[in-house]
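Whatever order the structure lists them in is the order used to number ligands and atoms, beginning at 1. Heavy-atom basis, side chains included; hydrogens, waters and symmetry copies ignored. Being a predicted model, the structure only gives us computed values, none of them experimental.
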Amino acid sequence: MGRRSRDAQGTGGSSLSSKDQPDDLRPATRLVGAGRRAEWTGTPGEPGAVVNPPVWRASTHLYPDAAALHAGKPNADGHFYYGRRGAPTQWALADALTALEPGAAGTVLYPSGVAAIAGALLAVLRPGDVLLMTDNAYEPTRNMARGLLRDMGIETRWFDPQDPAAFAAAACDRCKAVLLESPGSLTLEVQDVPALAALARERGIVVVLDNTWAGPLAFPALERGADITVMSLTKHVGGHSDLMMGSAAAGERLYQKLRKTAQALGQVVSPDDASLALRGLRTMGVRLERETATALSLAQWLADRPEVARVLCPMLPGSPGHALWQRDFTGGCGLFSLVFKGKDGAARDAFIDALGLFGIGYSWGGFESLVSPVDPAALRSATAWPLPDMAAGDRFGVRLSIGLEDPADLRADLERGIAAWAAA
Ligand SMILES: *Cc1c(COP(=O)(O)O)cnc(C)c1O
C-alpha cells in the first residue's frame, strides 16, 4: 500500500528528487521510473544504492526503544509498523501503480485480482444494498455476487453491457455500486464508461471498473469516470505467468475505504511477488505494443476466414464496441475471442488440440500465447447470446491470448487449428 502525496513518503530526509517523478512525463517514461524512490533504492554514491527496490522480507520491524515504538505512526502509509502493512517492496509497487493512474490518491494491493474485486465491493456495499453488474463480467465476479454477496444480504442485478438505458432502468434507491468490465472478459464488448459513470453519479452509485484488459496505459479509468479501478496484476503487470496479484486504486475518499477494508480482511502480498510485479511493470509497455499489433493482424485475418462467424475484438472494425474503443482508448492488448460458424464443442476442441504454440489453460497477459474454450451463452443473465445478429448455431468459440511469438508462426498454428476444426 502506498501513496504519492508528499506527506506519506515515509522516512524523512532522504532525497526523493530524481525518482519522485514530475507529473508531465509520458507513460513509457513513467513505467521506467515509477516507484523507485531514493528512500527505497538508496542514494547513488552511498552503500547499497541499487536500481530496484530490494525484496524486503519482514514480519517484524524493530524499534530502538519503547519511546520510538510509542511515537511510531502505526497506520500511516509508507511507515514501518508490522509486516501486514507492508515494507518498501510492496510500497514501491503500489506507488508505481498510483503514478500510472491519473486521478488516483493511492493503490491497495491484494493477493489476486478476485481479492481486489471483493475488496472493492466490500468497501462500498452493505447488507440491504443492491449491486448492478454488467452481463459480460468475469465468471468468478458473477459467482461472488451469487454466493458471498448474496449471503451477506446484497442483491445483484445484471444489465446489458452495451445499453446505458438498461443500466438506468435497473438502478433503484438501494443501488449503491455498479461493477463494469470493459471490454468484458470473454465477449469483449466495450462499455460507454463515461455515460454510465454520469448516470451513476446522478444516483449516488459508486462505479467500480475491472480495467484488467486495458490497464491504465490504454484506458485511464478514473479520468473516464470510474470511482474505483481494479486490475488483475496476474495478467499484464506480472506478464510472465508466475504470480497472482490484484490492485484497486481510487481518489482520496474511496482509497481510504479500500485501505480500511483491506486491513480489516488482513490482505497483504508477499515482497517476492511485489518484486516480480515491479519487474514485469518495467516492460509492460513494449510487451503490450507488440502483442497488440500481432493480435490485431491475426484478428483481421481470422475475421476473413469462412470458418469464423465472429471475431470479438474491440480493436477490429465491426466488432461490438469498436466505436467506443476508438473514442475512449489509447491502446489495446492481445486478448480476443472468436466464435466458429456452426459445428459443436467437439469441433472447437479439435481446433484447440491441433494448436502447437498456444498453451491450453486459463489466464492471459503472459509472454506466451494461450487458448481456452469459450461458451458465452452459459454465462448470460440479462442479455442474449449469440448476439441478435448472429446465427443460433454460432455458439462455440475460443479465447486467444496473444504472446510475444513471431506473428507468422502463430498464424500458421491457427491455420492448423482451423483445418482440424473443418475436418472434425
Ligand atoms: C483474471 C481476471 C480477474 C481475476 O484475477 P486473478 O488474479 O486471476 O484473481 C479479474 N478480472 C478479469 C477481467 C480477469 O481476466
Query raised in the report: Is there any side-chain hydrogen bond (donor to acceptor under 3.5 Å, both in side chains) pair reaching into residues 328-353, and which pairs are they, with sequence neighbours excluded?
Result: none
Requested in this report: Provide the number and element of each atom of ligand 1 under 4.0 Å from a heavy atom of Val114.
Outcome: 4 (C), 5 (O), 6 (P), 9 (O)
Query raised in the report: Can a donor-acceptor pair be found between the side chains of Thr29 and Arg26 at a distance below 3.5 Å?
Result: no
**Report entry** Heavy atom of Gly246, distance to ligand 1 below 4.0 Å
**Finding:** no
Report summary line: The closest protein heavy-atom partner of atom 12 (C) of ligand 1 is Asp210 OD2, 3.4 Å
Requested in this report: Report, in ascending order of atom number, the atoms of ligand 1 lying under 4.0 Å from any heavy atom of Glu181.
Outcome: 13 (C)
Report task. Could you find the nearest protein heavy atom to atom 3 (C) of ligand 1 and give me its residue, atom name and distance? Result -> Tyr138 CE2, 3.3 Å
Report task. Begin from the C-alpha positions of Arg380 and Thr187 and carry the test side chain to side chain donor-acceptor pair (under 3.5 Å) through to its verdict. Result -> CA-CA 11 Å; Arg380 295 279 163 147; Thr187 44; 2.7 Å; yes
Query raised in the report: If you count the atoms of ligand 1 from 1 in the order shown, which ones are under 4.0 Å from a heavy atom of Trp364?
Result: 15 (O)
Report summary line: atom 6 (P) of ligand 1: closest protein heavy atom, distance to 0.1 Å, is Gly113 N, 3.3 Å
Report summary line: Numbered in order shown, the ligand 1 atoms found under 4.0 Å of a heavy atom of Met244 are 6 (P), 7 (O), 8 (O)
Report task. Establish, from distance only, whether the side-chain atoms of Glu291 and His236 form a donor-acceptor pair under 3.5 Å. Result -> yes
Query - Distance-only side-chain donor-acceptor flag, Gln263 / Asn75, under 3.5 Å - result: yes
Report summary line: When distances are taken from atom 2 (C) of ligand 1, the protein heavy atom at minimum range is Lys235 NZ, 2.4 Å
Query raised in the report: Would Asp129 and Arg126 count as a salt bridge (Lys or Arg N to Asp or Glu O under 4.0 Å) if you check the C-alpha gap in whole Å, the side-chain angles of each, and the deciding distance to 0.1 Å?
Result: CA-CA 6 Å; Asp129 290 349; Arg126 294 293 171 269; over 6 Å; no
**Report entry** Pair Tyr255-Asp77, side-chain donor/acceptor within less than 3.5 Å
**Finding:** yes
Query - ligand 1 atoms in contact with Thr234 (distance to a heavy atom under 4.0 Å) - result: 6 (P), 7 (O)
Query raised in the report: Nearest to atom 5 (O) of ligand 1, what protein heavy atom do you find, and at what distance?
Result: Ser232 OG, 2.9 Å
Requested in this report: Show the numbers, then the answer: is there a side chain to side chain contact (heavy atoms under 4.5 Å, CB included) between Tyr110 and Val230?
Outcome: CA-CA 10 Å; Tyr110 302 83; Val230 174; over 6 Å; no
